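Small disclaimer: the values here were computed from a predicted structure and weren't measured.
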Amino acid sequence: MAIRQLRYDGDEILRKKSRKVEEVDDKIRELMNDMVETMHAENGVGLSAVQVGILKRVIVIDIYDGSEPLKLANPEILKVKGHRLVGEGKTGEFVGCLSFPNKFALVDRPLEVTVKALNENGEEIKIKAKELLAQALCHEINHLDGVLFVDLMEPGTMEYIDPN
């Protein structure tokens with residue numbers, strides 16, 4: 001496994017639409033494993049292949065709940081239920097992105113989603129997700145279509161947080 005180079009705000013590739021994975025083979029599994037290592041090294045919850053410069057429909061997510069990270073190819077949202085402004089209320093869960101270091105904003109996201117994808121073995125799976133997992137799935141799938149959280153944020157809510 002290896003840590004991949006992240007792409008940041010202003011990089012044209014982040015606006016491009018990713019291509020479908022034809023087969024989950026060893027090369028795709030290696031990409032998935034590298035993406036998990038990269039995401040963990042950056043303390044992220046999710047990462048899309050486009051964020052490491054690969055225009056393939058591949059995402060990884062780890063919500064740090066004790067389960068193994070999700071490694072998905074060709075994820076597709078089948079159903080959404082409800083919505084909430086992430087960051088509203090007591091949660092303080094402002095949306096961030098590894099491609100936009102130290103920038104956070106409020107974003108309207110579904111409460112629940114159902115996603116169809118291929119797992120790392122190439123098997124089709126369905127995931128019913130709520131809360132942080134639903135938010136992360138939506139965020140990473142948006143990346144695959146060239147949609148960034150800054151496109152969806154509530155106007156005037158962008159904050160820069162100094163890491164020091």
Side-chain angles (χ1 to χ4, degrees), residues 1 4 6-7 13-40 42-89 91 93-100 104-154:
M1 294 197 307
R4 304 266 181 137
L6 286 176
R7 301 298 184 98
I13 199 165
L14 294 174
R15 292 290 184 182
K16 296 188 180 202
K17 188 168 178 145
S18 297
R19 295 181 299 277
K20 182 179 178 183
V21 171
E22 296 303 323
E23 177 187 4
V24 179
D25 56 15
D26 287 343
K27 189 172 181 180
I28 294 295
R29 280 187 283 278
E30 178 181 7
L31 172 62
M32 290 172 165
N33 290 332
D34 288 354
M35 288 171 58
V36 168
E37 186 172 351
T38 303
M39 174 183 65
H40 286 159
E42 296 291 332
N43 298 312
V45 170
L47 188 65
S48 67
V50 68
Q51 290 177 275
V52 293
I54 308 291
L55 286 172
K56 292 284 188 180
R57 295 190 76 79
V58 174
I59 65 173
V60 297
I61 294 173
D62 190 345
I63 60 169
Y64 304 93
D65 64 353
S67 60
E68 288 294 313
L70 285 174
K71 301 173 188 176
L72 305 174
N74 303 330
E76 177 184 343
I77 296 173
L78 300 176
K79 186 165 67 169
V80 298
K81 182 178 176 185
H83 70 92
R84 74 179 178 108
L85 190 60
V86 178
E88 181 180 54
T91 62
E93 299 170 354
F94 281 74
V95 173
C97 178
L98 293 178
S99 292
F100 291 78
F104 301 89
L106 300 178
V107 177
D108 195 4
R109 292 287 189 198
L111 286 170
E112 298 178 23
V113 295
T114 302
V115 171
K116 173 179 77 168
L118 299 176
N119 67 15
E120 63 186 311
N121 299 315
E123 302 160 334
E124 187 174 292
I125 60 170
K126 281 189 182 173
I127 300 165
K128 290 185 180 185
K130 296 179 181 182
E131 300 171 358
L132 181 57
L133 182 54
Q135 175 187 325
L137 284 163
C138 291
H139 180 101
E140 299 311 330
I141 291 169
N142 283 157
H143 267 298
L144 301 179
D145 294 320
V147 177
L148 306 173
F149 88 104
V150 294
D151 303 330
L152 305 172
M153 72 179 193
E154 291 294 308

Fill in: Partners meeting ring-ring contact (aromatic ring centres under 6.0 Å, His included) with H40 (sequence neighbours left out)
Y64

Response to the item:
Across all chains, not counting sequence neighbours, the ring-ring contact (aromatic ring centres under 6.0 Å, His included) partners of F100 are F149

Worksheet, complete the sentence: For E123, the side-chain hydrogen bond (donor to acceptor under 3.5 Å, both in side chains) test, sequence neighbours excluded, returns N119

Fill in: Residues which pass side-chain hydrogen bond (donor to acceptor under 3.5 Å, both in side chains) with D26, listed by chain and number, not counting sequence neighbours
R29

Fill in: Which residues share a side-chain contact (heavy atoms from CB on, under 4.5 Å) with N142, sequence neighbours left out
R109, V147, L152

Practice prompt. Show your working on side-chain contact (heavy atoms from CB on, under 4.5 Å) between V36 and N33 and close with a plain yes or no.
Written response: CA-CA 5 Å; V36 168; N33 290 332; 5.5 Å; no

Worksheet item: Considering residues at least two apart in sequence or located in another chain, which fulfil the side-chain contact (heavy atoms from CB on, under 4.5 Å) criterion with K17?
Response: R57, D145

Practice prompt. Find out whether L6 and T38 are in side-chain contact, i.e. whether some heavy atom of one side chain is under 4.5 Å from a heavy atom of the other.
Written response: yes

Discussion item. Donor-acceptor pair, distance only, cut-off 3.5 Å: does the side chain of N74 make one with the backbone of A117?
Written reply: no

Worksheet, complete the sentence: When rounded to the nearest 0.5 Å, the distance separating CD1 of I59 from CG of L72 is 5.0 Å

Practice prompt. Please collect all salt bridge (Lys or Arg N to Asp or Glu O under 4.0 Å) contacts where either partner lies in residues 126-144, sequence neighbours excluded, each pair once.
Written response: none

Worksheet item: Is there side-chain contact between Q135 and V95, with heavy atoms separated by less than 4.5 Å?
Response: yes

Fill in: Qualifying residues under side-chain contact (heavy atoms from CB on, under 4.5 Å), relative to R15, sequence neighbours excluded
L148, V150, D151

Discussion item. Under the salt bridge (Lys or Arg N to Asp or Glu O under 4.0 Å) definition, can you give me all pairs with a residue in residues 62-82, not counting sequence neighbours?
Written reply: K71-E120, E76-K116

What side-chain donor-acceptor pairs closer than 3.5 Å can you find for residues 44-56, not counting sequence neighbours?
{"from": "S48", "atom 1": "OG", "to": "Q51", "atom 2": "OE1", "distance (Å)": "3.2"}
{"from": "Q51", "atom 1": "OE1", "to": "S48", "atom 2": "N", "distance (Å)": "2.9"}
{"from": "Q51", "atom 1": "NE2", "to": "S99", "atom 2": "OG", "distance (Å)": "3.0"}

Item to complete: For residues 107-139, pull every pair meeting ring-ring contact (aromatic ring centres under 6.0 Å, His included), keeping only residues two or more places apart or in separate chains.
Response: H139-H143

Item to complete: Only counting residues at least two apart or in another chain, list the ones meeting side-chain contact (heavy atoms from CB on, under 4.5 Å) with N43.
Response: none

